[in-house]
Amino acid sequence: MGLEKGSEVSFELKGNEITIKKLPTALDWADLVKQYPVEDVDIDENGRYDPKKSPDFHDWMVNG
């Protein structure tokens with residue numbers, strides 16, 4: 001499980017089974033977020049943006 005001193009875990013009881021899971025650390029989350037592109041998006045007062053200036057954001061808005 002990769003537990004070290006200070007690791008946080010969660011316990012779940014279902015019937016006669018106990019599941020123990022290690023909770024992600026702040027570093028785990030930071031490493032995960034690094035994988036996503038960063039893009040500055042200018043949104044006007046009407047909530048519109050230019051898809052050509054923000055292609056990754058537009059793709060995310062259209063395709064999820």
Side-chain angles (χ1 to χ4, degrees):
M1 285 180 61
L3 295 176
E4 299 173 359
K5 184 177 181 179
S7 292
E8 294 186 17
V9 296
S10 69
F11 294 90
E12 182 178 3
L13 176 62
K14 286 186 178 178
N16 291 331
E17 293 185 14
I18 297 175
T19 303
I20 303 171
K21 294 181 184 177
K22 180 183 175 193
L23 298 176
T25 65
L27 183 57
D28 294 331
W29 284 112
D31 288 342
L32 179 66
V33 173
K34 273 195 261 186
Q35 300 173 25
Y36 293 99
V38 175
E39 186 172 55
D40 291 325
V41 180
D42 292 323
I43 299 176
D44 67 17
E45 61 275 355
N46 296 316
R48 297 189 187 120
Y49 63 94
D50 184 346
K52 291 178 183 171
K53 290 183 180 177
S54 305
D56 291 329
F57 180 74
H58 180 67
D59 181 57
W60 177 73
M61 291 295 288
V62 172
N63 300 310

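Remember, predicted model here, so these are calculated numbers, not experimental data.
Heavy atoms from other residues, nucleotides or ligands lying under 6.0 Å from CG of Asn63 number more than 12. Open room surrounds CD on Glu17; 12 or fewer heavy atoms of other groups in view lie less than 6.0 Å from it. Heavy atoms from other residues, nucleotides or ligands lying under 6.0 Å from CG of Asp40 number 12 at most.
Judged by distance alone, the side chain of Asn46 and the main-chain N or O of Arg48 form no donor-acceptor pair under 3.5 Å. The backbone N or O of Asp42 sits nowhere less than 3.5 Å from a side-chain atom of Lys53 that would complete a donor-acceptor pair.
In this structure, Tyr49 and Phe57 have perpendicular ring planes: the angle between them is above 60°, well past the 30° mark.
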* CA sep, side-chain torsions, deciding dist, call: Thr25, Asp28, side chain to side chain contact (heavy atoms under 4.5 Å, CB included) -> CA-CA 5 Å; Thr25 65; Asp28 294 331; 3.2 Å; yes
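Hydrophobic cluster membership is shared by Val9 and Leu13, with clusters built from Ile, Leu, Val, Met, Phe, Trp and Tyr side chains linked at under 4.5 angstrom. Residues Ile18 and Leu3 fall within the same hydrophobic cluster, defined by Ile, Leu, Val, Met, Phe, Trp and Tyr side chains chained together at heavy-atom separations under 4.5 Å.
Scanning both residues, Ser7 and Gly2, for their nearest heavy atoms gives OG-O, 4.3 Å.
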